[in-house]
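In each ligand, atom 1 is the first atom listed, and ligand 1 is the first ligand listed.
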Amino acid sequence: MVKVDLSGAAEFFTSAGPNYALARAAHEMLADGSGLGADFTGWLRLPQRVKETELDRIIQAAEKIRSRSKALVVIGIGGSYLGARGAIELLKPIPGEGDPRIFFVGNMLSTDTLCDTLTLLGDMDFDVNVISKSGTTLEPAVSFRIFRELLEKKYGDQADEHIFATTDAHKGVLKTLANSHKWETFVVPDDVGGRYSVLSAVGLLPMAVAGIDVRRVIDAAIGEFAALDLRSAENPAWKYAAARQHLYGKGYDIEILGCYEPSFRFMAEWWKQLYGESEGKDGKGIFPASVEYTADLHSMGQFIQSGPRTLMETVVRFRHSRNTYRFPVEEENADGLNYIAGRDIAEVSHVAADAVKDAHVAGGVPNMIIEVPMRNEEGFAALVCFFEMACAISGYMSGVNPFDQPGVEAYKKNMFRMLGKPGAV
Ligand code: PA5
């Protein structure tokens, strides 16, 4: 499990402190299915279920793609996109020898980005993984038509063999198309919403193609969810959920998530969707934002240190780095840096993180640290399970349904009407 350190938040708590009784009640509602949106809590059992059903087939499909193609085009948006991208950038920021390139499209409506991707793809052999639970989302549907056409031009009769569809088990346009073309399909389970789906084929197939050991991820996640069932204030998910709700009650209504690993950038995007879409409703919610340290200390640092005191800060820290790089000694010391010579850069980063924490706390920003042992499959699984669990508990604590997203429909209605979609009003 991850460790949560609230020492940088404690001085901002009232004497009563975070409400762990409410965290317990929220956890119980989640576990016994008596809370709002209980039909969408299948993610709690998702790793075990995937292991028993689709995991072998996901790995086989990934091996087929890896053996024949130089690229995988992943088409999806929101919960059908961010988790896979977060995982791949965190764990495989540089493709290894023999790893196909992974291109993400369907996450925008940009002619230029589409054309750039087509240019990068060039004449590489490629496969497509189209991911859409509803099967009707405009952005991925637009990209999918374009890349299907490209596959047909390139592979003719064999094009269908290069398409893998991850969608609803029974319904939707994508499911109907997949059935008629006999594409290999994977399921987004009925009881799992998009933003909680990364540990299904939605995330696992692109991750496996990128060379991530998804069996290790799933085995670790099974253990993580079991451990996170702990019913006490020692549960890191309770600590984080209760602390942020307590701080929210005191007027801290923006949370910045930071990390000292640039490869964490898309995990932060995944986290923003998870928390933003789960909690921002009924006039309530903590606005989730992200920063990348140390880069953003030189751009956002001023605001964090002394802007409006409504920010709370959560920092993900990896205890161990994958590599060691000792800073060289230079006899002349012309740049004056010998005071850090001989130290690992990671050690310098840890000192910087401690210094930033102290400065931000002194400046009035409550600080919470989430410590993960390492940037590997187990660390990824620990983060996903922890953040999902804490999000559901936090949402229930604030009295909202953390599993719906009714607000997302508003712009779609306008857009479809303005584009002249038949039947749109
Ligand atoms: O979390 C969600 O439900 C959304 O972000 C969806 O994942 C996103 O809108 C994409 O939807 P779909 O998978 O149906 O194309």
Should Glu409 and Lys413 count as an ion pair when the cut-off is N to O under 4.0 Å? no

Closest heavy-atom contact between Asn107 and Phe104?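 Closest pair (atom of Asn107, atom of Phe104, distance): OD1-O, 3.9 Å.
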
Here's a test for you: under side-chain contact (heavy atoms from CB on, under 4.5 Å), which of Thr167, Val128, Asp160 qualifies with Trp183? Asp160

Near ligand 1, at a heavy-atom separation below 4.0 Å: residues by chain and residue number: Ile77, Gly78, Gly79, Ser80, Ser132, Lys133, Ser134, Thr137, Gly194, Arg195, Gln273, Glu277, Gln405

Going by side chain to side chain donor-acceptor pair (under 3.5 Å), name the pairs with one or both residues in residues 200-215, residues two or more places apart or in two chains. Asp56-Arg215

Could you check whether Ser398 and Glu279, counting side-chain N and O atoms only, form a donor-acceptor pair closer than 3.5 Å?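 No.
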
Is the closest side-chain donor-acceptor distance between Tyr20 and Arg24 under 3.5 Å? no

